[in-house]
Amino acid sequence: MVTHTPMENLMTPFMLESGHVRGRIVRVGSVANTILGRYDYPPLVTKLLGELLVIAAMLSANLKQEGIFTIQIRGKGLVPLVVVDSVYGGELRGYAEVSEGANDAIRAMTSYSPQAMLGEDAYLAITLDPGQGMQRYQGIVGLEGDSIAAAVTNYFTQSEQLDVEVKLAMSERSPWVAAGMMIERMPEGEPLAREANQEAWRYAQAMLGTVKKDELLDPLLDAQTLLFRLFHEQGVIVYAAHTISVGCRCSRARIEQLLMSMSASDRLEMLVDGKASVHCQFCNKTELFSPKELGLVQD
Ligand SMILES: [Zn+2]
């Protein structure tokens, strides 16, 4: 008997046996619920943030040893910012900003449209900070195509000259489950290999096209079973899954260190009703510091 581990909070990399196409499958359950539950978002904003969580989980696998991967979409509309970042090892965090008074307008929308929520001049930016003092890299493209999957495909075509295709899925209601599958075409290599590469890419695209959203979301369908179901004809290598968790870099000790690096007069200016407060938007949590903790009064 084969036992299946529920595909929850996992990122599973794979490669077609021919070596021409690689990809990833992501499914986040409790991780998505924790992050999406920190604010009372309109459902369409929840979906938008949920989709970006999946993209970040897919792409942060490119991080080595340490570093931070960030994906953000920005605009001038009802939702000016959605940002998700991930550190090496799979810790995710993210939030969406909703313009003041925009909640009702978003709740009144009848269909899911990232462009309609983000508004004019919206763009998608991906930043890779490799850490260890290495050069930070950022790519930006206009938010074209009215889905996050299309925007990401477009990003890779324009910014990286890479063929990538993505399919995303999100549960209709809480408890939230967000999932996705991505395929990426490998470099073509020798002229003789070009035709095989083209053929493998078209095959992978066709198979991705057949994946149903329910299959991506099904907690009892693990990535390996789904991938064998899809690619059994050409063969697929499924690698060990990476765990995805919730994490933030806003520890109280870290905030305190940051505050103490400011001048005493700046620290004094932060006091409201005798306390300095620092809010982390990712966690939606406020840390309060007394004048004594800020070194502003003697014992
Ligand atoms: Zn935080």
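All ligand and atom numbering here is 1-based and tracks the order in the structure. As the structure is a computational prediction, the values presented were derived from the model and not from experiment.
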Taking NZ, NE, NH1 and NH2 as the nitrogens, is one of them in E293 or R252 under 4.0 Å from a carboxylate oxygen of the other? yes

Have T225 and D222 got a donor and an acceptor in their side chains that come within less than 3.5 Å? yes

Short side-chain donor-acceptor distance under 3.5 Å, Y95 and Q281: yes

Do F69 and D129 have side chains that approach each other closer than 4.5 Å (heavy atoms only, starting at C-beta)? no

Is the shortest distance from a Lys or Arg side-chain nitrogen in E91 or R249 to a carboxylate oxygen in the other one below 4.0 Å? no

I need the protein N, O or S atoms closer than 2.8 Å to the Zn ion (ligand 1), given as residue plus atom name. C248 SG, C250 SG, C280 SG, C283 SG

Could you tell me whether E184 and R22 make a salt bridge, using a distance below 4.0 angstrom between a side-chain N and a carboxylate O? yes

